[in-house]
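Heads up: the structure comes next, in structure tokens.
Quantities reported herein were computed from a predicted structural model and do not represent experimental measurements.
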Amino acid sequence: MEQKIDIAIIGECLIELSANGSLADTSTLNKFFGGDTVTTAVAVARLGGNVTYLTKVGNDGFSDFILSSLQKENIDTSLIKTNDEQNGMYIVSHTLENKEVLYYKRKTAATKLSIEDINEDIIKKIKMIYSTGVVQSLSASSRELVRESFKLAKENEVMTAYDPNYTSCFMNSTDTREYFEEIIDYTDVIFLSLKNDAAKLYEVESIDKVIHYFWDRGVKIVVVKSHIDNGYYTGYNGDICFTEFYNTQKAIDTTASGDVFNGGFLYALNNGYAPAEATKFASVVSGLQTQNYGAIQAIPYKETVLEKI
């Protein structure tokens, strides 16, 4: 990492093939890149944050596209290594009635992530590190990488942030809860979906109980997304604040909006915003992204966000 880096994000960059219309009827697939953590990284970068992305990319014909795409977003790629595995892929289509998503994620390049891909010297150079349960689910070695990275960060007073990001498409709820139990002692910030994470992983549907549970476990900042209440709850320093979703009446595509919110929050927190104010900022970032199609294509830049705040 030659340039100054504030936030390091561990994850997997996937190839996205996107169809306008149903998969059964379309004759054209548009090529993009995506994935939960890379979406968060792009959100940070478009807001002006200095972010590095740690992953492994396969030499399957898409490697140059992935690396150049990240670099065009001003994301540092110095921690990315290549190997001879394939890159993960998903195919997504939109119609007026529904959205189809198909994942192809077996034996991908990122499953080879391991503790050899990071060290204490790297951790000492950053201010914050972020990852998700999706990354831990890739393999035993990627799971170990997240655990050891968070442990090193805690030992060096580097802030850690985490999202279980549970999805039943390719994750097991019992395993996902176990992933977080491994790193909870090293976690400063957690992002949760009330419906997908709190209810399905911890069988708790009360905002107050969810936030107090994680406070009691030592997590300093707890952010819970509630579709029931149409907003976010931010728990910090004994207080719980509520922020409404931004301009939901204009939303047309909520794909990866949670990942974009996380990027907005991390950027704001790293730039001196109090947690409740960071939530308000991130809500605008995420809300603007939902007003256009495409998880990454629709992520707004800082100038647009500031115009709406």
More than 12 heavy atoms from other groups under 6.0 Å of [atom1] on [X]:
{"X": "Asp64", "atom1": "CG", "result": "no"}
{"X": "Lys105", "atom1": "NZ", "result": "yes"}
{"X": "Ile228", "atom1": "CD1", "result": "no"}
{"X": "Glu181", "atom1": "CD", "result": "yes"}
{"X": "Glu205", "atom1": "CD", "result": "no"}

What about the rings of [X] and [Y], do their centers lie closer together than 6.0 Å?
{"X": "Phe281", "Y": "Phe261", "value": "no"}
{"X": "Phe214", "Y": "Tyr202", "value": "yes"}
{"X": "Tyr273", "Y": "Phe265", "value": "no"}
{"X": "Tyr162", "Y": "Phe191", "value": "no"}

Can you name the closest pair of heavy atoms from [X] and [Y] and give their distance?
{"X": "Gly294", "Y": "Gln289", "answer": "O-NE2, 4.1 Å"}
{"X": "Ile299", "Y": "Thr39", "answer": "CD1-O, 3.7 Å"}
{"X": "Ser114", "Y": "Leu145", "answer": "O-CD1, 3.3 Å"}
{"X": "Val146", "Y": "Ser131", "answer": "CG2-OG, 3.6 Å"}
{"X": "Thr108", "Y": "Asn87", "answer": "CG2-C, 4.2 Å"}
{"X": "Tyr53", "Y": "Cys13", "answer": "OH-N, 3.7 Å"}

Measure from the side-chain N and O atoms of [X] to the backbone N and O of [Y], and report whether any donor-acceptor pair falls under 3.5 Å.
{"X": "Arg177", "Y": "Leu201", "value": "yes"}
{"X": "Asp229", "Y": "Gly231", "value": "no"}
{"X": "Thr187", "Y": "Val189", "value": "no"}

Measure from NZ or CZ of Lys200 to the centre of the six-membered ring of Tyr166 and say whether it is under 6.0 Å with the direction within 45° of the ring axis. no
**Study point:** With Thr132, the side chain to side chain donor-acceptor pair (under 3.5 Å) member among Asp36, Asp163, Thr40
**Key:**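 Per the side chain to side chain donor-acceptor pair (under 3.5 Å) rule, the option paired with Thr132 is Asp36, out of Asp36, Asp163, Thr40.
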Glu178 and Arg143: CA distance, side-chain angles, deciding distance, salt bridge (Lys or Arg N to Asp or Glu O under 4.0 Å) verdict: CA-CA 11 Å; Glu178 188 175 300; Arg143 180 175 174 176; 2.5 Å; yes
key: Contact check, side chains of Glu155 and Phe150, non-hydrogen atoms, under 4.5 Å   = no
field: 4.5 Å side-chain heavy-atom contact, Phe33 and Phe65
entry: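 A side-chain contact exists here, since the closest heavy-atom pair is under 4.5 Å.
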The complete set of salt bridge (Lys or Arg N to Asp or Glu O under 4.0 Å) pairs with one or both residues in residues 263-287, sequence neighbours excluded, reads Glu277-Lys280
inquiry  = Do the side chains of Glu85 and Lys107 get close enough for a salt bridge, i.e. N-O under 4.0 angstrom?
reply    =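 Salt bridge: no.
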Review point. Would you call Lys154 and Asp185 a salt bridge, taking side-chain N to carboxylate O under 4.0 Å as the test?
Key: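 No.
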*Picking from Ile122, Thr77, Ile118, Thr37, what satisfies side chain to side chain contact (heavy atoms under 4.5 Å, CB included) with Leu54?*
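Considering Ile122, Thr77, Ile118, Thr37, a side chain to side chain contact (heavy atoms under 4.5 Å, CB included) with Leu54 is found only for Ile118.
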Distance in Å, Lys112 NZ paired with Ser139 OG, rounded so as to fall on 0.5 Å steps: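 Spacing of NZ (Lys112) from OG (Ser139) equals 8.0 Å.
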